[in-house]
Chemist: 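To start, I am sharing the structure in question, which I have written as structure tokens.
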Amino acid sequence: QVELVESGGGSLQAGGSLRLACAVTRSPSRYTNYCVGWFRQAPGKEREGVAALDSNGPTNYADSVKGRFTISQDESKNTVYLQMNSLKPEDTAMYYCAWKWGGWKPPPLADSEYNHWGQGTQVTVSS
């Protein structure tokens with residue numbers, strides 16, 4: 001069993017920064033490797049993967065956020081972060097974190113690969 005709770009969303013102006021957090025609570029499992037992804041969905045648009053991390057370190061980013069967003073984890077806090085810099089109005093969306101057991105290189109950005117999801121946190125960027 002895996003539970004994910006996102007936090008850190010908010011409203012800000014373009015060019016600003018925000019750090020999202022995904023607190024992970026999980027029951028013991030026979031699996032040791034995992035992937036965590038950050039996804040977003042804007043009104044009227046498909047959900048898209050923006051960043052993903054494999055438990056062994058590899059990361060993966062959507063082209064639209066490369067160089068601006070950074071995914072990381074603090075295992076001592078069971079938390080995965082998404083640092084978002086140079087935010088643009090088109091980054092406005094509900095952001096979700098998701099979990100899958102099993103490592104993958106590169107970690108996937110397809111939402112169909114993940115089977116545990118948080119409730120989301122809203123990010124609104126104004127021009």
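Model, not experiment: these values are computed from the prediction.
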Chemist: Hydrophobic cluster membership, with links at side-chain heavy-atom distances under 4.5 Å among I/L/V/M/F/W/Y: are L20 and L109 in one?
Modeler: no

Chemist: When rounded to the nearest 0.5 angstrom, what distance separates CG in L4 from CG in N78?
Modeler: 11.0 Å

Chemist: Which heavy atom in A14 sits nearest to a heavy atom in P89, and how many Å separate them?
Modeler: CB-CD, 4.0 Å

Chemist: Let me check something: do L18 and W38 share a hydrophobic cluster, defined by ILVMFWY side-chain heavy atoms less than 4.5 Å apart, either directly or through other members?
Modeler: yes

Chemist: What pairs of residues pass the salt bridge (charged side-chain N to carboxylate O under 4.0 Å, His left out) test when at least one of them lies in residues 108-125, not counting sequence neighbours?
Modeler: R47-D111

Chemist: Might you confirm whether atom CH2 of W117 has over 12 heavy atoms from other residues, nucleotides or ligands at distances under 6.0 Å?
Modeler: yes

Chemist: Using side-chain heavy atoms (C-beta onward) and a distance below 4.5 Å, is P107 in contact with P58?
Modeler: yes

Chemist: Check G102 against C35 and note the closest heavy-atom contact, atom names and distance.
Modeler: O-SG, 3.6 Å

Chemist: Transitively linked via ILVMFWY side-chain contacts under 4.5 Å: V24 with W104?
Modeler: no

Chemist: According to a hydrophobic-cluster definition based on side-chain heavy atoms being under 4.5 Å apart (Ile, Leu, Val, Met, Phe, Trp, Tyr only), do V36 and V5 belong together?
Modeler: no

Chemist: Hey, could you give me the OG1/CZ distance between T59 and F69, rounded to the nearest 0.5 Å?
Modeler: 14.0 Å

Chemist: Any link between Y114 and L53 through a network of hydrophobic side chains (Ile, Leu, Val, Met, Phe, Trp, Tyr) touching at under 4.5 Å?
Modeler: no

Chemist: Please check if the side chain of T124 supplies one atom and the backbone of T92 the other of a donor-acceptor pair under 3.5 Å.
Modeler: no

Chemist: To the closest 0.5 Å, what do you measure between OG1 (T121) and CE (M94)?
Modeler: 7.5 Å

Chemist: Determine whether more than 12 heavy atoms belonging to other residues, nucleotides or ligands lie under 6.0 Å from atom NZ of K105.
Modeler: yes

Chemist: Donor-acceptor check, side chain of E3 to backbone of T25, threshold 3.5 angstrom: yes or no?
Modeler: no

Chemist: Between atom OH of Y34 and atom CH2 of W99, what is the distance when rounded to the nearest 0.5 Å?
Modeler: 5.0 Å

Chemist: Would you compute the distance between atom CG of L82 and atom CZ of F39 and round it to the nearest 0.5 angstrom?
Modeler: 11.5 Å

Chemist: Between W101 and R26, which heavy-atom pair has the shortest distance, and what is it?
Modeler: CH2-NH1, 3.4 Å

Chemist: For K45 and Q41, which heavy atoms make the closest approach, and how far apart are they?
Modeler: O-NE2, 3.1 Å

Chemist: Of the non-hydrogen atoms in S17 and S86, which two are nearest, and what is the gap between them?
Modeler: OG-N, 4.3 Å

Chemist: Could you note down all residue pairs passing salt bridge (charged side-chain N to carboxylate O under 4.0 Å, His left out) where residues 79-101 supplies at least one of them, sequence neighbours left out?
Modeler: R40-D91, R68-D91

Chemist: Which distance, rounded to the nearest 0.5 Å, do you find between the OH of Y95 and the CD of E6?
Modeler: 12.5 Å

Chemist: Give the minimum heavy-atom separation between Q122 and A93, together with the two atoms involved.
Modeler: NE2-O, 3.4 Å

Chemist: Check whether any side-chain heavy atom of Y61 sits under 4.5 Å from a side-chain heavy atom of I71, and report yes or no.
Modeler: yes

